[in-house]
Asks: 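Before I ask anything, here is the structure I am working with.
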Amino acid sequence: MTEDAVVDGPERNLELLTIGAFAARARLSAKALRLYDRLGLLAPAHVDEATGYRYYRAGQVERARLVAMLRQLDMPLARIAEVVEAGDGPAAAGLLGAYWADVEARVAGQRTLAAYLRGRLSGRSSEMYGKFTVETAETPAQVVICEKRHTLADELPAWIGAALGRLEEAARQCGGMAGVPYVAYHAEVSTESDGPAETCVPVADEAAARAWAERRGRAWETTVRVEPARRLAYTRITKAQVAYPQILAAFEAVEEWMAARGLTATGPCRELYFADWATTGPGDPVCDVAFPVS
C-alpha cells in the first residue's frame with residue numbers, strides 16, 4: 001500500500017496515512033503512536049480488520065505532537081486527555097496553567113525539603129536554623145471555637161482546610177472572627193503518629209459560639225473555650241515551607257531559639273494561618289509556626 005492510501009470500510013474514499021508515514025510527519029515513533037492509542041489519547045482514524053494495520057488522517061498530526069509534548073511535562077494521562085479534548089483556546093491553556101502551577105508548588109516544596117535534609121545530613125543544623133527569623137509576640141485572651149481530630153500527616157492538609165472552613169462559617173454566626181485561625185498540635189502528627197491536632201478560630205461572641213456548638217457542632221466534636229493571653233515565639237514561613245516534612249525545620253528552629261534563651265513551652269505548638277491559601281503562591285508568606293512560651 002502506498003504512503004497515502006485509500007481504504008475500504010467506514011473510511012472509504014478518505015485519504016489516510018499508514019502509521020509509518022504518519023509517524024514521520026508527527027516526528028514520533030510508531031511505538032509511541034501505538035502507546036497513545038492504547039492509553040486512549042490518540043486513536044487511529046481507521047484500523048484494518050483483516051490486518052490490524054492502523055491508519056491516520058493528516059489532520060491528527062498536531063494532536064499527536066501535543067500529546068508528546070504534554071508527556072514531556074510528566075502530565076498524568078487523565079489530565080492530558082482533558083487538555084487535548086478541550087482543543088485549542090483558553091480552556092486548554094487554562095488546564096495546562098493549572099497543572100503547571102501544581103508542579104511549581106510541588107517543586108518549591110521539594111526544594112525546601114532538600115535543603116532541610118542536606119543541612120540535617122551534613123550536620124549543619126544550626127546553620128540551617130539560622131535561615132529562620134524568630135521573634136516573639138503577645139496575644140490577648142481569646143474565645144476560640146475548635147475542632148479536634150486524630151489524623152496522620154498525609155490526611156492533615158485536607159482536614160485542616162475542611163475544618164477551618166466549617167469553623168470560619170460558624171464564626172460568621174458568632175460575632176465574626178476575632179483573630180487569626182490556627183492549628184494546635186497536642187502530640188506529634190507524622191506518617192506514623194496521629195496527634196491529635198486541633199483547628200481553632202477566635203470568635204467575638206462567646207455565648208453565640210457555645211450555642212452554635214451545642215446545636216451544630218456535635219458531629220464534628222466542636223468545643224468552645226477561652227484561651228488565656230500568651231506570649232508566642234514564632235517564625236514566619238512560605239506556602240512551600242508548610243508542607244510536611246519540611247515544616248519540621250521551622251519548628252526545630254523555633255525550639256532551638258527558645259532553648260538558647262532559656263524559654264519553656266507552655267502549651268501545644270501551633271501554625272497560625274494569616275493569608276488566603278487559595279490566592280497565594282509557593283513563595284508567599286502564609287503561616288507563623290509558633291510555641292507559647294514563658
Asks: Scan for salt bridge (charged side-chain N to carboxylate O under 4.0 Å, His left out) pairs involving residues 272-281, sequence neighbours excluded, and state none if there are none.
Replies: none
Asks: Check whether any side-chain heavy atom of V286 lies under 4.5 Å from a side-chain heavy atom of T238, and answer yes or no.
Replies: no
Asks: Would you say the side chain of K239 lies within less than 4.5 Å of the side chain of P285, judging by non-hydrogen atoms?
Replies: no
Asks: So, using side-chain contact (heavy atoms from CB on, under 4.5 Å) as the criterion, who are the partners of E168 when residues are at least two apart?
Replies: L164, M177, P181, V201
Asks: Checking the side chain of R111 only, and the main-chain atoms of R106 only, is there a donor and an acceptor separated by less than 3.5 Å?
Replies: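 Answer holds: no.
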Asks: Sorted by first residue and then second, give each salt bridge (charged side-chain N to carboxylate O under 4.0 Å, His left out) pair with at least one member in residues 184-202; sequence neighbours left out.
Replies: E198-R225
Asks: Please check if Y185 and M258 belong to a single hydrophobic cluster, counting links between Ile, Leu, Val, Met, Phe, Trp and Tyr side chain heavy atoms closer than 4.5 Å.
Replies: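 Per the 4.5 Å side-chain linkage, Y185 and M258 are co-clustered.
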Asks: Is the shortest side-chain heavy-atom distance between T133 and R236 below 4.5 Å?
Replies: no
Asks: By the rule that ILVMFWY residues connect when side-chain heavy atoms come within less than 4.5 angstrom, directly or transitively, which residues belong alongside V144?
Replies: V180, Y182, L232, L272, F274
Asks: Ignoring hydrogens and angles, tell me if any N or O in the side chain of Q60 forms a donor-acceptor pair with the backbone of A43 under 3.5 Å.
Replies: yes
Asks: Tell me, do L77 and R71 make a side-chain contact under 4.5 Å, heavy atoms counted?
Replies: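 Of all side-chain heavy-atom pairs linking R71 with L77, at least one is under 4.5 Å.
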Asks: Could R261 and E256 be called an ion pair, given the rule that one side-chain N must be under 4.0 Å from one carboxylate O?
Replies: no
Asks: Counting C-beta onward and ignoring hydrogens, is there a side-chain heavy-atom pair between L96 and R79 closer than 4.5 Å?
Replies: no
Asks: Quick one: salt bridge (charged side-chain N to carboxylate O under 4.0 Å, His left out) pairs with a partner in residues 146-155, sequence neighbours left out?
Replies: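 Sorted pair list: E147-R166.
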Asks: Got F251 and I237 here, is their nearest side-chain heavy-atom distance under 4.5 Å?
Replies: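 SC-SC contact between F251 and I237 ruled out.
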Asks: Salt-bridged, E214 to R210, with N to O below 4.0 Å?
Replies: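 R210 and E214: not salt-bridged.
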Asks: Which distance, rounded to the nearest 0.5 Å, do you find between the CG of L41 and the CG of L35?
Replies: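 Output value for this atom pair is 7.5 Å.
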Asks: Within a strict 4.5 Å, meaning less than it, do heavy atoms of the Y273 and D288 side chains meet?
Replies: no
Asks: Mind checking ring-ring contact (aromatic ring centres under 6.0 Å, His included) for F22 and listing every partner two or more places apart, or none if nothing turns up?
Replies: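 Residues passing ring-ring contact (aromatic ring centres under 6.0 Å, His included) with F22: Y56.
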Asks: Indicate yes or no for a side-chain donor-acceptor contact from T199 to the backbone of I160 under 3.5 Å, with no hydrogens or angles considered.
Replies: no
